[in-house]
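A short worksheet on the structure shown next.
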Amino acid sequence: MIVDDDALVRLGLTDLLVDDPDIEVVAQASDGIGAIEKATAHRIDVALVDIRMPGMDGIAAIPRLRALAHPPKIITLTTFDLDEYVYEAVAAGADGFLLKDAAPGEIVRAVHTVAAGSAILHPKAARRLIDRYHRTDSKAATNARQRIDSLTPRERDVLDLLARGGTNAEIAQTLGMRESTVKAHVSRILAALQTTNRVQAALLVRDAQQ
């Protein structure tokens, strides 16, 4: 699904993506309300969502999309790299972001990457966003520590490396595990922490350290 208030952007992205035999564009929307309606009516795997739109913007729409029975993976579209809007979108549950002037091949790869269950926010970008904009309070810190304490020692090892931006392959190499085992650990960690993706898990680790 493509969500953008600019009809030309929607048309351009649709033309780009339909050329890939493994991608089908099943819905378009011009604002957050429309996106939620379309995602309810269709089974959406990945949504490209503009952050800034009139009416309900992308940031407001993301948690509502993630709360659906079959939530889509979400890539936010933005004009400016590493601004507070991007941080808010990622903190709300987006799986990463793309600049609107990204190369066509990069956009197609991002859709495939997110559909496969990986985030597309570069680890260094994630850390910069968290360092620049993330703030917490004592209540949030206590809550974060309680959630992390529910993990096994091995899961906490994986979470620590994940929060530093490690990929599954890097975590597997560091801990002497199979990559498939790391992937299974990450899935259990996200469920136990009640987070939707790796970036939100990293935010929780940051909270716990306050």
Side-chain angles (χ1 to χ4, degrees), residues 1-32 34-35 38-39 42-54 57-62 65-66 71-133 162 164-171 179 183 186 196-203:
M1 176 171 66
I2 298 169
V3 185
D4 197 294
D5 62 307
D6 189 328
L8 288 178
V9 171
R10 296 198 305 272
L11 178 62
L13 287 171
T14 299
D15 287 346
L16 167 65
L17 295 173
V18 296
D19 284 340
D20 188 302
D22 295 321
I23 297 176
E24 180 183 5
V25 178
V26 298
Q28 296 183 30
S30 59
D31 61 16
K38 295 295 178 63
H42 300 273
R43 180 69 177 264
I44 307 294
D45 295 315
V46 178
L48 297 177
V49 181
D50 189 17
I51 290 182
R52 303 172 188 178
M53 297 179 289
D57 64 15
I59 294 170
I62 288 169
L65 289 170
R66 298 307 302 249
K73 301 290 186 180
I74 298 172
I75 301 171
T76 55
L77 300 170
T78 181
T79 306
F80 301 104
D81 185 4
L82 295 179
D83 66 5
E84 190 167 2
Y85 290 101
V86 173
Y87 166 76
E88 290 177 0
V90 172
D95 297 281
F97 71 91
L98 280 174
L99 294 177
K100 286 190 174 183
D101 61 356
E106 184 180 353
I107 295 173
V108 173
R109 283 193 298 274
V111 171
H112 282 295
T113 298
V114 168
S118 298
I120 58 166
L121 183 62
H122 191 278
K124 289 183 179 178
R127 285 196 295 271
R128 286 165 60 191
L129 280 172
I130 292 170
D131 290 343
R132 186 176 302 177
Y133 298 112
L162 179 157
R164 298 180 192 177
T167 64
N168 287 350
E170 291 167 343
I171 294 171
E179 191 170 343
K183 187 174 181 180
V186 171
T196 59
N197 58 45
R198 300 165 77 100
V199 176
Q200 284 194 325
L203 291 172

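Scanning both residues, Ala29 and Arg10, for their nearest heavy atoms gives O-CD, 3.4 Å. A pairwise comparison of heavy atoms in Ala39 and Ile44 identifies CA-CG1, 3.8 Å as the closest pair. Closest non-hydrogen pair, Ile51 versus Asp57, comes out as O-CB, 3.2 Å. Here the shortest heavy-atom pairing between Gly32 and Ala61 reads CA-CB, 3.8 Å. Residues Ile107 and Ala102 share a closest heavy-atom pair of CD1-O, 3.9 Å. Across all their heavy atoms, Val49 and Gly58 have their closest contact at CG1-CA, 3.8 Å.
For the salt bridge (Lys or Arg N to Asp or Glu O under 4.0 Å) condition, no pair includes a residue of residues 14-26, sequence neighbours left out. Identified under the side chain to side chain donor-acceptor pair (under 3.5 Å) test for residues 88-100, with sequence neighbours left out: Asp4-Lys100, Asp50-Lys100, Arg66-Asp95.
A search for side-chain contact (heavy atoms from CB on, under 4.5 Å) contacts involving Arg52 returns Phe80, Asp83, Tyr85, not counting sequence neighbours.
Annotation: the span from Asp101 atom CG to Leu77 atom CG amounts to 11.0 Å, rounded to 0.5 Å. The CG atom of Leu11 lies 11.0 Å from the CG atom of Leu16; values are rounded to the nearest 0.5 Å. Between the CD1 atom in Ile171 and the NZ atom in Lys183 there is a gap of 13.0 Å [rounded to 0.5 Å]. To the nearest 0.5 Å, atoms CD1 (Ile2) and CG (Leu13) are separated by 5.0 Å.
Here the side chains of Lys73 and Thr113 are not in contact, with every heavy-atom distance at 4.5 Å or above. By the 4.5 Å heavy-atom criterion applied to side chains, His112 and Ile23 are counted as neighbours.
Using a distance-only test at 3.5 Å, with no hydrogens or angles considered, no donor-acceptor pair links the side chain of Thr79 to the main chain of Leu99.
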